[in-house]
Number of protein chains: 2
Amino acid sequence: MNDLKLEDIAKLAGVSRSTVSRVVNASPNVGAATRKRVEKIIQTTGYHPNAAARSLASQRTNMIGLVIPRTTSAFFTDPYFPHLTQGVAFACNNHHMTLSLFLVGNQEDENEITPRLLRRGMLDGILLQSGNSDDMLFRRLISSHVPLLVLGRPFEEKSVNYIDVDNISAAKNATSHLIRLGYQRIGMITGAIRSTTSIDRQAGFKRAMAEAGKTIDPSLIVEGDFSENSGYVAMKKLLPLRPDAIFAQSDVMAIGAMRAVQEVGLDIPKDIAFVGFDDLPIASTLPIKLTTVHQPITHFGIKAVDLLIDMIEKGTKPAKRMILDAELIIRDSCGGNANNRPIVQGVEFEGSALKAPA
Amino acid sequence: MNDLKLEDIAKLAGVSRSTVSRVVNASPNVGAATRKRVEKIIQTTGYHPNAAARSLASQRTNMIGLVIPRTTSAFFTDPYFPHLTQGVAFACNNHHMTLSLFLVGNQEDENEITPRLLRRGMLDGILLQSGNSDDMLFRRLISSHVPLLVLGRPFEEKSVNYIDVDNISAAKNATSHLIRLGYQRIGMITGAIRSTTSIDRQAGFKRAMAEAGKTIDPSLIVEGDFSENSGYVAMKKLLPLRPDAIFAQSDVMAIGAMRAVQEVGLDIPKDIAFVGFDDLPIASTLPIKLTTVHQPITHFGIKAVDLLIDMIEKGTKPAKRMILDAELIIRDSCGGNANNRPIVQGVEFEGSALKAPA
DNA sequence: ATGGGTTATGAGAGCGCTCCCAAAGAAAAT
DNA sequence: ATTTTCTTTGGGAGCGCTCTCATAACCCAT
């Protein structure tokens with residue numbers, strides 16, 4: 001039906017191709033009358049410019065890719081990722097950009113996806129979720145021509161653009177809070193041990209302990225992988241060691257761990273206190289509301305897109321770096337006094353804000 | 001660095017542009033020696049064809065769009081959606097297709113996104129999550145030239161291609177199971193009342209009741225919107241009416257409702273039995289394991305992509321229709337006998353399969 | 001009037017690929 | 001040896017846009 005091209009509109013309006021192009025692209029140098037006339041024709045014919053042709057001629061596709069590498073793709077079982085995607089998607093809309101999603105499931109996927117990522121005339125820029133250090137995809141992308149912004153601190157920071165949350169400070173604050181409340185045997189459930197996220201949160205934990213002059217019992221640090229089940233399993237190991245407080249590196253793991261605690265009939269926070277990380281919506285609707293570090297996930301996605309677009313338009317050098325703060329939200333799971341409870345703000349709570357039961 | 005084009009490779013290999021194109025596109029009519037030579041050059045130079053140019057010339061972009069309309073975008077707080085996206089993304093990889101994600105947040109988003117969707121040379125086909133009947137986006141997309149497959153039954157089925165789960169039968173089975181177990185006052189918490197999903201599940205519920213010769217108490221049917229909180233709120237309304245079993249139209253709502261039940265100290269399933277819908281991974285890790293209808297979400301996404309690609313390649317007429325079955329998984333929340341528990345299979349359980357605690 | 005400066009419009013040359021068609025060469029059939 | 005057929009290769013015309021540059025039209029100050 002609608003096989004019109006620029007040329008046809010031009011003919012119908014009695015002007016040249018160039019003029020129609022100017023109207024379509026909102027160029028200022030068009031006479032008011034001409035513009036009106038052309039716009040009317042476009043309106044009535046329902047003309048839409050051809051994206052491929054435009055991309056070819058302008059060397060801009062107005063598309064960005066969001067890549068979740070294989071080593072991180074378990075993230076999809078974690079609510080973290082949908083929230084991030086949402087932020088990225090909304091920001092793309094605001095910038096009139098189209099978002100392409102690349103979920104790398106396995107090695108074949110990676111081989112299949114990589115050339116598509118590297119192809120010219122496909123993506124104006126790439127957002128890459130930080131994964132493991134031995135990520136082949138990561139290295140190939142880094143050395144490509146496409147502007148690349150890494151989400152989360154990469155292993156090799158040198159001259160790579162990235163955006164991250166201040167995991168060290170946040171974890172330190174969370175741990176310090178536990179220390180301040182007087183807990184003596186504070187354990188930690190880590191995330192996937194090879195991720196920088198987990199490494200940094202661990203560093204924050206250790207720093208807090210060191211500053212408080214407390215020695216760390218290594219057996220109280222148990223490895224998880226950010227999943228609910230891994231939290232449960234880790235807590236099973238921790239239970240015999242009688243910790244009185246746990247810093248879980250993700251809310252989901254905290255939930256798994258709390259499940260393990262409740263199964264043996266212990267009380268939270270009286271017997272064991274908990275602090276999580278993420279502040280997912282569910283954290284505030286749990287039977288025992290979770291004290292946790294609020295990550296501005298959606299906001300993080302938005303900032304990432306803003307930064308990437310800036311890189312696309314103004315070049316990638318010098319390397320860009322952006323670190324966002326994360327704030328401790330004190331609720332019930334950590335025990336102690338919950339008076340100075342900060343207000344939780346932000347879009348990621350829509351649809352799950354819970355009216356207090358009567 | 002890598003500003004090579006087909007022409008350059010041709011020159012380096014001492015052949016014509018056409019021949020290189022044939023090699024790149026795996027056309028059979030190339031001499032073995034020539035192919036080797038060209039492939040070698042491509043290998044060493046790291047040449048990648050320009051996607052925009054290829055799209056323009058071939059009229060194929062190898063991209064499909066996944067569109068979540070405004071009226072359904074709350075879905076993103078529901079784990080249903082990530083799972084679907086994952087299925088779609090994986091299927092895209094298998095077909096060497098790129099997935100573009102369009103999350104419509106609000107009216108402006110819709111206005112912004114629509115032209116991008118309609119643009120030629122952008123998408124080979126569109127997957128549209130079914131939303132409300134008054135969805136403007138839906139109508140514009142239906143009447144466009146792009147092959148369109150609707151996910152979930154649309155309001156106006158006539159000549160639209162769609163794929164759905166057999167919600168009516170599934171809801172009927174779930175309800176019948178409750179009836180069979182002898183429950184007398186069976187309530188239902190619906191999803192968003194204007195969605196076909198919810199309408200169909202409601203129809204299944206009613207059909208089961210009718211076939212069992214039971215009258216329906218309309219006050220035992222309470223409206224939710226698929227969210228956890230709406231389940232909680234709905235249950236608060238239901239509690240004074242003393243139902244002995246609840247069919248919740250989504251797992252997440254069932255979880256919210258169960259929370260309300262536990263808050264007043266009632267026992268599940270002894271005082272109130274539950275059946276959910278979706279069979280999210282969490283359903284089997286809940287303290288009281290949830291009896292629910294297993295939706296093959298990831299598989300659904302895969303099938304959808306397969307069907308859409310078939311439409312792209314072979315035309316959209318006659319209208320395609322595909323209905324997948326959903327099976328009742330009996331666990332603990334419905335009480336009664338849980339012996340004939342089916343095996344739960346499938347990819348969506350990865351990473352959350354739970355070892356039984358010792 | 002006359003020139004300099006601005007603004008509006010058109011023409012044309014690509015952007016980097018695909019794909020049809022023609023040509024050349026090799027193989028098979030006569 | 002000659003014709004026919006098939007395979008392999010090259011040439012050229014687009015695909016539908018953008019963008020630079022030239023031209024035409026118009027403005028105001030002198």
Side-chain angles (χ1 to χ4, degrees), chain A residues 2-39 41-42 45-63 96 115-116 118-124 145, chain B residues 1-39 41-42 45-63 115-116 118-124 145:
Chain A
N2 236 340
D3 293 36
L4 294 161
K5 36 178 154 178
L6 212 52
E7 191 88 46
D8 301 320
I9 304 298
K11 216 159 283 171
L12 286 170
V15 294
S16 75
R17 222 174 344 115
S18 308
T19 302
V20 180
S21 173
R22 287 190 191 97
V23 171
V24 169
N25 295 295
S27 155
N29 295 332
V30 183
T34 315
R35 160 165 287 133
K36 269 264 150 352
R37 189 152 36 94
V38 173
E39 274 170 350
I41 306 260
I42 291 177
T45 55
Y47 166 78
H48 288 284
N50 181 299
R54 181 187 284 218
S55 298
L56 179 57
S58 67
Q59 307 288 38
R60 264 283 228 138
T61 60
N62 291 309
M63 301 210 314
H96 302 276
R116 292 211 318 259
L118 262 24
R119 196 157 285 172
R120 313 183 143 260
M122 179 82 180
L123 263 17
D124 284 344
H145 55 96
Chain B
M1 43 199 116
N2 235 339
D3 294 36
L4 295 161
K5 34 178 155 178
L6 213 51
E7 192 89 45
D8 301 320
I9 304 298
K11 215 160 284 170
L12 286 170
V15 295
S16 75
R17 219 174 347 116
S18 307
T19 301
V20 180
S21 173
R22 287 187 193 100
V23 171
V24 169
N25 295 294
S27 154
N29 296 330
V30 182
T34 316
R35 158 163 292 132
K36 268 266 154 346
R37 188 152 35 97
V38 173
E39 273 170 352
I41 306 263
I42 291 176
T45 55
Y47 165 77
H48 288 284
N50 181 298
R54 181 187 284 218
S55 298
L56 180 57
S58 67
Q59 307 287 38
R60 265 279 229 142
T61 59
N62 292 310
M63 300 210 316
R116 291 210 320 257
L118 264 23
R119 195 158 287 171
R120 312 182 144 263
M122 179 81 180
L123 263 17
D124 284 343
H145 60 276

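Chain A is the first sequence line, chain B the second, and so forth, proteins listed ahead of strands; every chain is numbered from 1.
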Atom-pair distance ([atom1] on [X]; [atom2] on [N]), nearest Å:
X       : N      : atom1 : atom2 : value
A:Arg17 : D:dG16 : CZ    : C1'   : 9 Å
B:Asp8  : C:dC15 : CG    : P     : 11 Å
B:Asn50 : C:dG14 : CG    : P     : 17 Å
B:Arg54 : C:dT18 : CZ    : C1'   : 9 Å
A:Leu6  : C:dG12 : CG    : P     : 16 Å
B:Arg35 : D:dT9  : CZ    : C1'   : 13 Å
A:Gln59 : C:dA13 : CD    : P     : 19 Å
B:Ile9  : D:dG10 : CD1   : P     : 15 Å

Assert: residue with more 5' nearest nucleotide on DNA chain D, out of B:Arg37 and B:Leu56, is B:Arg37
Earlier contact from the 5' end, DNA chain D, for B:Asn29 and A:Ser21: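 With A:Ser21 and B:Asn29 compared, the 5'-side residue is B:Asn29.
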Counting C-beta onward and ignoring hydrogens, is there a side-chain heavy-atom pair between [X] and [Y] closer than 4.5 Å?
X        : Y        : result
A:Thr19  : A:Arg22  : yes
A:Arg54  : A:Asn25  : yes
A:Val15  : A:Arg37  : yes
B:His145 : B:Arg120 : yes

Quick one: is [N] close enough that its OP1 or OP2 comes under 4.0 Å of any side-chain N or O from [X]?
X       : N      : value
B:Ser58 : C:dT18 : no
B:Asn25 : C:dT18 : yes
B:Lys5  : C:dC15 : yes
A:Tyr47 : D:dC17 : yes
B:Ser16 : D:dG11 : no

Hey, does B:Thr34 reach any base, or is it just sugar-phosphate, or nothing, if we go heavy atoms under 4.0 Å? sugar-phosphate
Counting any heavy atom closer than 4.0 Å, what does B:Val24 reach on the DNA or RNA strands: base, sugar-phosphate only, or nothing? nothing
Record whether the side chain of B:Arg22 comes under 3.5 Å of the base of D:dT8 through a donor-acceptor pair of N or O atoms.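 Flag unset: no donor-acceptor pair detected.
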Base C:dA11 to side chain A:Ser18, donor-acceptor N/O within 3.5 Å cut-off: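 Flag set: donor-acceptor pair detected.
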B:Val15 has a side chain; which of C:dC17, D:dG16, D:dG10 sits nearest to it? D:dG10
Check the pair A:Met122, A:Thr61 against side chain to side chain contact (heavy atoms under 4.5 Å, CB included), reporting the backbone distance first and the verdict last. CA-CA 6 Å; A:Met122 179 82 180; A:Thr61 60; 5.7 Å; no
